[in-house]
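One structure is given below, encoded as C-alpha cells.
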Amino acid sequence: MLKKALLLLFIGSFFNVLSAQVKKTPQLIKYVTTAPDGTTSITIFDDSRSNLMQLEATDGFYKYQLIDIHSNKEVLSRQNKGRRCTINKLTIADGTYDLRLFTDNFVISSRVTISAVEENSIASNE
C-alpha cells in the first residue's frame, strides 16, 4: 500500500513538473576583450530583453564587422565615429559571430552569440 502511494505521488509530481511553465529569466551578458598591448578594450552589452546590442570601447573605433564563424564571410560592416554604437539584432540571423572593432592601432576581435528577441515576447514583457 505504501509503495502504491509513493508511486502515485512520484507520478503526480513528475507530471506536475512537466506541465509547469518554464519562465526565462532576462540576462545581461557582458563581453570584455582587450587589445594585445592591454591599453584598449571593448565591452559588449547584450540584454536578452532588447534587440539592441551595445558596443563600447575605451578608445574610439572607426569601423566594426560581424563575421560568420562557419563561412568566414562578412555579415555586417558599419563605419563608426566615437567610442559607442549599437547593433540591431533583428537585422542579423541568430548565431555565433566574430565581432571585429577597428581602432587606429588595433583590430580587436571578440566572439559573440546573437539571439534576437521575438516581437511577441517584447509585447508580452511590457
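No experiment lies behind these values; they were computed from the predicted model shown.
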What is the distance from atom NZ of Lys63 to atom SG of Cys85, rounded to the nearest 0.5 Å? 13.5 Å

Compare every heavy atom of Leu52 with every heavy atom of Asn88, then report the nearest pair and how far apart it is. CA-CD2, 3.9 Å

Just by distance, do the side chain of Ser110 and the backbone of Leu99 share a donor-acceptor pair under 3.5 Å? no

Closest heavy-atom pair, Thr58 versus Arg83, reported as atoms and distance to 0.1 Å, is O-NE, 3.4 Å

Spell out, yes or no, whether Phe106 and Ile67 are grouped together once hydrophobic residues are joined by side-chain heavy atoms under 4.5 Å, including indirect joins. no

Please say yes or no: joined through hydrophobic side-chain contacts below 4.5 Å, possibly via intermediate residues, are Ile29 and Leu66 part of one cluster? yes

Backbone of Asp47 reached by a side-chain donor or acceptor of Ser50 within 3.5 Å: no

So, does Arg78 use its side chain to make a donor-acceptor pair with the main chain of Tyr64 at under 3.5 Å? no

In this structure, which one of Met53, Gln54, Glu56 forms a side-chain contact (heavy atoms from CB on, under 4.5 Å) with Thr86? Gln54

Value for CZ (Phe102) from CD (Gln79), rounded to nearest 0.5 Å, stands at 9.5 Å

Inter-residue atom distance Ile42.CD1 - Asp59.CG, 0.5 Å rounding: 12.0 Å

Under 3.5 Å, is there a donor-acceptor pair between the side chain of Asn80 and the main chain of Phe61? yes

If hydrophobic clusters are built by linking Ile, Leu, Val, Met, Phe, Trp and Tyr wherever their side-chain heavy atoms come under 4.5 Å apart, do Leu101 and Leu76 end up in the same one? yes

Distance from Ser77 atom OG to Gln65 atom CD, nearest 0.5 Å? 4.5 Å

To the nearest 0.5 Å, tell me how far Ile108 CD1 sits from Thr103 OG1. 5.5 Å

Atom pair CD1/OH of Ile69 and Tyr97 - distance to nearest 0.5 Å: 9.5 Å

Could you pull out the closest heavy-atom pair between Lys89 and Ser115, with the gap in Å? NZ-O, 3.7 Å

For the pair Tyr31 (side chain) and Thr113 (backbone), establish whether a donor and an acceptor sit closer than 3.5 Å, ignoring hydrogens and angles. yes

Intermediate values then yes/no, side-chain contact (heavy atoms from CB on, under 4.5 Å), Ile44 and Val112: CA-CA 9 Å; Ile44 304 158; Val112 296; 3.7 Å; yes

Indicate, with yes or no, if Phe45 and Ile114 share a hydrophobic cluster defined by side-chain heavy-atom contacts under 4.5 Å among Ile, Leu, Val, Met, Phe, Trp and Tyr. no

